[in-house]
2 protein chains.
Amino acid sequence: MPSLSSGLLGDLDPTSDRAVFRQIADQLREAIDRGRFKEGEKLPSEAELVDHYGVSRMTVRNSFSVLQGEGLVHAEHGKGVFVRPRPPVRRLASDRFARRHREQGKSAFTVEAEAAGSHPQVDSLEVKEEKASQDVSARLGSVRRVLARRRRYLLDGRPVEFATSYLPLDIARGTPIAEPNPGPGGIYARLEELGHRLDHFEEEIRARMPSPGEVRTLRLASGVPVIHLIRTAYDSEGRAVEVCDTVMAADAYVLSYQLPAT
Amino acid sequence: MPSLSSGLLGDLDPTSDRAVFRQIADQLREAIDRGRFKEGEKLPSEAELVDHYGVSRMTVRNSFSVLQGEGLVHAEHGKGVFVRPRPPVRRLASDRFARRHREQGKSAFTVEAEAAGSHPQVDSLEVKEEKASQDVSARLGSVRRVLARRRRYLLDGRPVEFATSYLPLDIARGTPIAEPNPGPGGIYARLEELGHRLDHFEEEIRARMPSPGEVRTLRLASGVPVIHLIRTAYDSEGRAVEVCDTVMAADAYVLSYQLPAT
DNA sequence: CACGCTTACTCGTATAGACGAGTGGGCAAG
DNA sequence: CTTGCCCACTCGTCTATACGAGTAAGCGTG
């Protein structure tokens, strides 16, 4: 095994007032940034770093936890600590709901993912009527109950997005929208067939750390935030006809918007 | 001092295979969610929790570090651990660069913040020519050097955003754009005066954990991600005339976009 | 009254040790 | 050769202890 003294990592500065575990984290971070440890590569084990720096194990673990919080590394029980690989990113363009993209039988997610050479998958579909949350009710214009469509999207087996659509019952009940599979073009195509010509969307974007439940459903590594997107669809009469609440693994997405300068 | 046995926190389940520090974190998280501990309020001290649960201090600290990673609490040396208050949020609407908002003498940031009753502030302004990064060069169409305008925005004394604008030298050099204060309406007004009629913007949005440098300049609490926004401005001839790279404290922003359904 | 010191309480850093549990390779038995 | 066990190595959890350093309030001194 190659010794750590081979130069990858330096020494501690005992005169520095920077905490030892921070100095170690700094050195590891720099080594990662410089590409000395590449994506997916294993870092030195805790024991090796204990030997190299002459500190206690908890100190080394403390360093790792700093880097984990930054989303730089992740630990695997029984294997080691690894540089977190940057997954393929899904680009969401602002024209992704344009009518011209609504022709095919497959969902936008599926089409786009296959074009990018990934294996898409949709699961945990749940469609049911329920009480509207205060926020959803406000966005939809004071409706009491709604149809909720929940689904999770996976890319190459990895969950990347969890979304729930809420629709007023007077629009959705008894229509294909209330079916698990709403048919080609998705619920937006069905809405237009039902006479609700879509006029525009409004999207609100936040970023935050995930709740424990979100960590579970999206199988998030520590140090990965989520993008929380809330889209409201309005028809040509100005009525809100759908609210879609989406939580995305932030490391899997880039959102892209085109804005007029007028 | 009120005893912790007053019911705020429960007991541990020794039969559970959930780690003790996770159980403690769960109980604290639930108490926070239920509002038993309010925003800004102090949680029980480490010593109190040690007594209450009968565990060692490191175990309690481990619980706190979980909650810190979730952005729920923050520790203050010598004082205690507090529920992290949700700061006032700045809303960025997609029409914020419309020409009609470009009339006044003050910057959009200043106008908007004062309207919201906050005290805005802009500092660390740096304007200089420099070598374009590979990414900026690609976005601007293979320029070698650029004018960089760096500034930091504060709201009520708290840094919330750090932005750098990059402009091709052939456009910006020797113009008011190269001055620390470009004048009323900002650099977009100057660009239009110089004959570059703005046509549209493209914005790319990512979310991630901050680098150590970003933690410093934005004075970020741990567990707060950043929103990374890269805007490219195009003139009516289709030329990219500015790239603006912005890093925002995610807990201080909601981005809002209006999309046509066409 | 005002100032400065002491003191108690807070979290921060670090050590040393123990046991548990997941992983994977090697080796021995069948 | 295959199967299954063992073992070495990995990280996960927890304890107990020690000292440092920031904070705030009280108390005594001038």
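We name chains A, B, ... by the order of the sequence lines, and we start the count at 1 in each one.
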> Do B/Glu161 and B/Tyr253 have side-chain atoms, one donor and one acceptor, less than 3.5 Å apart?
Replying inline: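 Their side chains do contain a donor-acceptor pair, which is all the 3.5 Å distance test asks for.
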
> Does the side chain of B/Arg231 come under 3.5 Å of the side chain of B/Ser165 through a donor N or O and an acceptor N or O?
Replying inline: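 On atom types as modelled, these side chains do not qualify, holding no pair under 3.5 Å.
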
Without decimals, in angstroms, what is the distance between [X] [atom1] and [N] [atom2]?
{"X": "B/Phe64", "N": "C/dC11", "atom1": "CZ", "atom2": "C1'", "answer": "10 Å"}
{"X": "B/Phe82", "N": "D/dG22", "atom1": "CZ", "atom2": "C1'", "answer": "12 Å"}
{"X": "B/Lys79", "N": "D/dG22", "atom1": "NZ", "atom2": "P", "answer": "13 Å"}
{"X": "B/Glu46", "N": "C/dT13", "atom1": "CD", "atom2": "C1'", "answer": "12 Å"}
{"X": "B/Asn62", "N": "C/dC11", "atom1": "CG", "atom2": "P", "answer": "15 Å"}
{"X": "B/Leu49", "N": "D/dT15", "atom1": "CG", "atom2": "C1'", "answer": "17 Å"}
{"X": "A/His77", "N": "C/dG22", "atom1": "NE2", "atom2": "C1'", "answer": "5 Å"}
{"X": "A/Asp51", "N": "D/dC9", "atom1": "CG", "atom2": "C1'", "answer": "13 Å"}

>> Please give me every residue in residues 65-75 of chain A whose heavy atoms get under 4.0 Å of an atom in DNA chain D, ordered by residue number.
In response: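 A/Ala75 - these, ordered by number, are the residues of the stretch whose heavy atoms sit under 4.0 Å from the strand.
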
>> Going by side-chain contact (heavy atoms from CB on, under 4.5 Å), B/Leu28 matches just one of B/Val66, B/Val60, B/Val81, B/Leu9. Which one?
In response: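 Exactly one pass, corresponding to B/Leu9.
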
> Considering heavy-atom distances to DNA chain D, does B/Ser56 or A/Glu76 have its closest nucleotide positioned more toward the 5' end?
Replying inline: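 Upstream on the strand: A/Glu76.
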
> Contact class for A/Phe21 (heavy atom, under 4.0 Å): base, sugar-phosphate, or nothing?
Replying inline: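 Touches sugar-phosphate only.
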
>> For B/Tyr257 and A/Tyr257, take the angle between the two ring planes, folded into 0 to 90°, and tell me which bin it lands in: parallel under 30, tilted 30 to 60, perpendicular over 60.
In response: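 The rings of B/Tyr257 and A/Tyr257 lie parallel, inter-plane angle below 30°.
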
> Does B/Arg57 make a side-chain donor-acceptor contact with the base of C/dG12, cut-off 3.5 Å?
Replying inline: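 Pair found.
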
> Considering residues at least two apart in sequence or located in another chain, which fulfil the ring-ring contact (aromatic ring centres under 6.0 Å, His included) criterion with A/Tyr166?
Replying inline: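 Scan of A/Tyr166 (ring-ring contact (aromatic ring centres under 6.0 Å, His included), adjacent residues dropped) gives none.
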
> Just one of B/Arg90, B/Arg86, B/Arg158 clears the salt bridge (Lys or Arg N to Asp or Glu O under 4.0 Å) bar with B/Asp251, so which one?
Replying inline: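 Exactly one candidate clears the test, B/Arg158.
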
So does [X] get a side-chain nitrogen or oxygen closer than 4.0 Å to the phosphate oxygens (OP1/OP2) of [N]?
{"X": "B/Arg18", "N": "D/dT13", "result": "no"}
{"X": "B/Arg22", "N": "D/dT13", "result": "yes"}
{"X": "A/Thr59", "N": "C/dA14", "result": "no"}

> From C/dT23, D/dC14, C/dA14, pick the nucleotide closest to the side chain of A/Val20?
Replying inline: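 Nearest to the side-chain atoms of A/Val20, counting from C-beta on, is C/dA14.
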
> Out of D/dC11, C/dT13, D/dC14, which has the shortest distance to the side chain of B/Ala19?
Replying inline: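 Shortest atom-to-atom distance from the side chain points to D/dC14.
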
>> Set out, in order, the CA-CA distance, both residues' side-chain angles and the distance that settles salt bridge (Lys or Arg N to Asp or Glu O under 4.0 Å) for A/Glu112 and A/Arg96, then state yes or no.
In response: CA-CA 10 Å; A/Glu112 183 204 328; A/Arg96 63 192 184 280; over 6 Å; no

